[in-house]
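Just the heavy atoms: all of them, side chains too, but no hydrogens, waters or symmetry mates, feed the values below.
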Amino acid sequence: MAKPVALTTPDGRYIVVRGRLWRAANPGLSESDRSRHVAALMDGRRNVASARRAGDPVAEKAAHDAVDAAKHALGERGPVWWTDGAPDLNRHMARTTPYAAWFATAAANSDDAE
């Protein structure tokens with residue numbers, strides 16, 4: 001079975017995973033900044049797993065902090081990157097937001113209908 005393609009809201013602010021909105025990275029980042037922050041995010045995630053396997057809570061905390069810093073730098077956490085005053089709907093179910101009608105149609109045409 002093919003991996004489902006993530007849905008992205010029409011305004012590009014969120015991706016939808018299992019029906020839930022997750023803030024997308026800031027499209028205004030330069031490619032070099034985006035690449036650098038994504039690399040830091042992946043390093044942090046690998047370090048979380050490694051620290052868990054090693055049973056090292058201090059290293060795990062540091063790795064989680066690195067993941068958080070990378071997500072802030074990407075714009076996925078912290079202040080929103082858009083400037084029109086729209087609220088942050090991160091982690092909301094798409095069906096309970098202003099994206100509900102779009103999601104109903106989009107989900108019907110994708111594998112992300114949960």
Quick check: does any side chain N or O of Arg20 sit under 3.5 Å from a backbone N or O of His92, one acting as donor and the other as acceptor?
no

Does any part of the side chain of Trp81, heavy atoms only, come nearer than 4.5 Å to the side chain of Arg23, both counted from C-beta?
yes

Validation row: Leu7, Phe103 side chains within 4.5 angstrom (heavy atoms)
yes

Partners of Arg52 by salt bridge (Lys or Arg N to Asp or Glu O under 4.0 Å), sequence neighbours excluded?
Glu60

Do the side chain of Tyr14 and the main chain of Leu89 share a donor and acceptor less than 3.5 angstrom apart?
yes

Answer whether the closest heavy-atom distance between the side chains of Leu41 and Arg45 falls below 4.5 Å.
yes

Rounding to 0.5 Å, atoms CZ (Arg91) and CG (Leu21) come to a distance of 12.0 Å

If you look at every heavy atom in Gly44 and Ala63, which pair is closest and at what distance?
O-CB, 3.8 Å

Contacts of Asp56 that satisfy salt bridge (Lys or Arg N to Asp or Glu O under 4.0 Å) - sequence neighbours left out
none

With Ala86 via side chain to side chain contact (heavy atoms under 4.5 Å, CB included) - residues at least two apart:
Arg13, Trp82, Asp84

Distance-only, no hydrogens or angles: does the Ser35 side chain make a donor-acceptor pair with backbone N or O of Ser32 under 3.5 Å?
no

Grab the two heavy atoms, one from Gly55 and one from Pro57, that are nearest each other, plus how far apart they are.
O-CD, 3.2 Å

Would you call Asp43-Arg46 a salt bridge at under 4.0 Å N-O?
yes

If Ile, Leu, Val, Met, Phe, Trp and Tyr residues are connected whenever their side-chain heavy atoms lie under 4.5 Å apart, and connections chain through other members, are Leu74 and Val48 in the same group?
yes

Which heavy-atom pair separates Ala100 from Arg95 by the least distance, and what is that distance?
CB-O, 3.4 Å

Applying side-chain contact (heavy atoms from CB on, under 4.5 Å), run through Val16 and Tyr99 and close with a yes or a no.
CA-CA 11 Å; Val16 182; Tyr99 297 102; over 6 Å; no

What is the distance from atom CD of Glu76 to atom NZ of Lys71, rounded to the nearest 0.5 Å?
4.0 Å

Using the rule that two of Ile, Leu, Val, Met, Phe, Trp, Tyr join whenever any of their side-chain heavy atoms come within less than 4.5 Å, decide whether Leu29 and Val67 are in one cluster.
yes

Atom CG in Asn26, atom CZ in Arg34: separation rounded to 0.5 Å?
11.5 Å

